[in-house]
**Student:** 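This structure is in structure tokens; I'll ask about it shortly.
Bear in mind the structure is a predicted one, so any value in this text is a computation, not a measurement. Residue numbers run from 1 in the order of the sequence given.
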Amino acid sequence: MPLERLPQQNQGMETTVARYSEHDTSKIYQAADAFRAACLLRDGSLLFDDAAVWRPDVLDRIYKAFVATPDEGDRTFIDKFKDQVGKAGQDVSRLAAEILSVYFLFPSSVGPVRKRQVINEVLSWGGDTLPESHPVSAAFANGIGSGGQGYNTRRPFEIAFLIDLAIAWKKLPQDRQVEVAADPWLFQEVVDSIEDAESKQLRHMLLHLLFPEHFERIASGNHKRRVIKAFSGLVTAESEDDDRAILAIRQELEKLLPNQELDFYWSPLVEAWYDDSEGASEGAPLEIIQHKKQIVLYGPPGTGKTFRAKKLAERVIRSAALSQMGPARYFQSQSAIESVIRDNVHRLQLHPAYSYEDFIRALHISNSGGTEYRAGYLPKLIEDIEQKPRA
């Protein structure tokens, strides 16, 4: 399996490394380079030496068996996949296994045992196995980032996207393939030419796997838009391309925070844009709070409501600080921001006897024997906040 790395064109943008990880991911990037060299630039194989697996005719057969005839039943993916491609011949079984291998390279949300189990199951339909010593099997030991539950549930659509991309790629002239395979932005154009590419997580994963110096390890378009929104003050020129915008943001962040391994899912960047209690939903609670000024979290005891409320409170403060201070001052003031969070997040636990009078105000007997209104918890809190000096 070839592991050579192709030279990449930069088109005037300073190369920036975005491949930091908690784990050794070198084998994953080597497997991605092998996919480019053997499967995109040739009709070879990711798993089998000297085999011709990624041929246009084999891609056409798996397209007809899988993409053109979807099984929308409620059986497991692997059961349906076997009925669709399991009897189409060894070439198709091998191609199916290699497509799944590419699908599994990026996500850390699927364990190595499960990845190998699925690949071996598919290979067994053609009488093959994946040796433990194989470089792709070794690459499954770690992942680059989480795909979330949605990546698994939408597996048929992600795989169909990769098949469509491979078919479109094989139609390019050979010299054009070589040119595009070495240029991150030309490759992005080809990927995005596939229908509904933006909605596919594999779109983002492939761009990072093949060009990690230009595309972040962010497998969600929603997350990319949140990053851009949070750090938009760093760049003056607006870009209609989210990936180019994030690359420009990274380059500015590296000037502000020199000699640091920066990753948008690591501190100090992650606190500025992401709350891990939000998941990947489009309607993030922070945006809801900023619009409605309040939010109700509900559920049985022990489901993380208090934890999530604290995280949201921190996000509200950090978002306001980043907006008011600007990125440069924000990152220079982390200790002060931490202090503000400690001093300005308040918790009140209500109990059955807690009343409106305790929370807002109530009539009390004064020292002179008359009656007077006394503020409850909320007005006192507001008064204390208003008396604090503004930064």
**Student:** So, are E254 and R250 salt-bridged, with charged N and O less than 4.0 Å apart?
**Tutor:** yes
**Student:** Taking ring pair (Phe, Tyr, Trp, His ring centres under 6.0 Å) as the definition, give me every residue that meets it alongside Y354, ordered by chain and number, with sequence neighbours left out.
**Tutor:** H351
**Student:** Could you tell me whether K170 and D43 make a salt bridge, using a distance below 4.0 angstrom between a side-chain N and a carboxylate O?
**Tutor:** yes
**Student:** Could you give me the CA-CA distance, side-chain angles and deciding distance for H214 and F187, then say whether ring pair (Phe, Tyr, Trp, His ring centres under 6.0 Å) is met?
**Tutor:** CA-CA 11 Å; H214 297 81; F187 187 80; over 10 Å; no
**Student:** Using modelled atom types and a 3.5 Å cut-off, is there a donor and acceptor pairing between side-chain atoms of K305 and backbone atoms of V296?
**Tutor:**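 No: the side chain of K305 does not pair with the backbone of V296.
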**Student:** Would you verify whether the NZ or CZ of R42 falls within 45 degrees of the ring axis of W54 while also being under 6.0 Å from that six-membered ring's centre?
**Tutor:**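 Geometry flag: not set, cation outside 6.0 Å or 45°.
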**Student:** Is the shortest side-chain N to carboxylate O distance from R75 to D71 below 4.0 Å?
**Tutor:**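 Counted as a salt bridge, because a side-chain N and a carboxylate O are separated by less than 4.0 Å.
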**Student:** Using distance only, find each side-chain donor-acceptor pair of residues 335-344 under 3.5 Å and give its atom names and separation, not counting sequence neighbours.
**Tutor:**
residue: E338; atom: OE2; partner: R318; partner atom: NH2; Å: 2.6
residue: N344; atom: ND2; partner: V340; partner atom: O; Å: 2.8

**Student:** Taking E372 first and then R374, would you say they form a salt bridge - that is, a charged N and a carboxylate O separated by under 4.0 Å?
**Tutor:**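 A salt bridge links E372 with R374.
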**Student:** Does this structure show an ion pair linking R176 with E179, if we count only N-O contacts that are shorter than 4.0 Å?
**Tutor:** yes
**Student:** Return the minimal non-hydrogen interatomic distance between G73 and K80, and the atom names on each side.
**Tutor:**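 Scanning both residues completely, I find the closest heavy atoms to be O-NZ, 2.9 Å.
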**Student:** Measure from NZ or CZ of R116 to the centre of the six-membered ring of F140 and say whether it is under 6.0 Å with the direction within 45° of the ring axis.
**Tutor:** no
**Student:** Among Ile, Leu, Val, Met, Phe, Trp and Tyr joined by side-chain contacts under 4.5 Å, find the other residues sharing a cluster with Y298 and list them by chain and number.
**Tutor:** none
**Student:** Tell me every residue that passes ring pair (Phe, Tyr, Trp, His ring centres under 6.0 Å) with Y151, counting only those two or more places apart in sequence or in another chain.
**Tutor:**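 Ring pair (Phe, Tyr, Trp, His ring centres under 6.0 Å) list for Y151, sorted by chain: Y103.
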**Student:** On the 0 to 90° scale, with breaks at 30° and 60°, tag the F66-F77 ring pair as parallel, tilted or perpendicular.
**Tutor:** perpendicular
**Student:** What pairs with F161 under ring pair (Phe, Tyr, Trp, His ring centres under 6.0 Å), at least two apart in sequence or on another chain?
**Tutor:** none
**Student:** Keeping S45 on the side-chain end and L47 on the backbone end, is there a donor-acceptor pair under 3.5 Å?
**Tutor:**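 Side chain of S45 to backbone of L47: a pair is present.
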**Student:** Answer yes or no for R217 and F106: cation-pi contact, defined as NZ/CZ to six-membered ring centre under 6.0 Å and angle to ring axis within 45°.
**Tutor:** no
**Student:** Under the rule for side chain to side chain donor-acceptor pair (under 3.5 Å), what residues qualify as partners of T69, not counting sequence neighbours?
**Tutor:**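 Residues passing side chain to side chain donor-acceptor pair (under 3.5 Å) with T69: none at all.
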**Student:** Establish, yes or no, whether a centroid distance under 6.0 Å links the rings of H204 and F215.
**Tutor:**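 Ring-ring flag for H204/F215: false, centres at least 6.0 Å apart.
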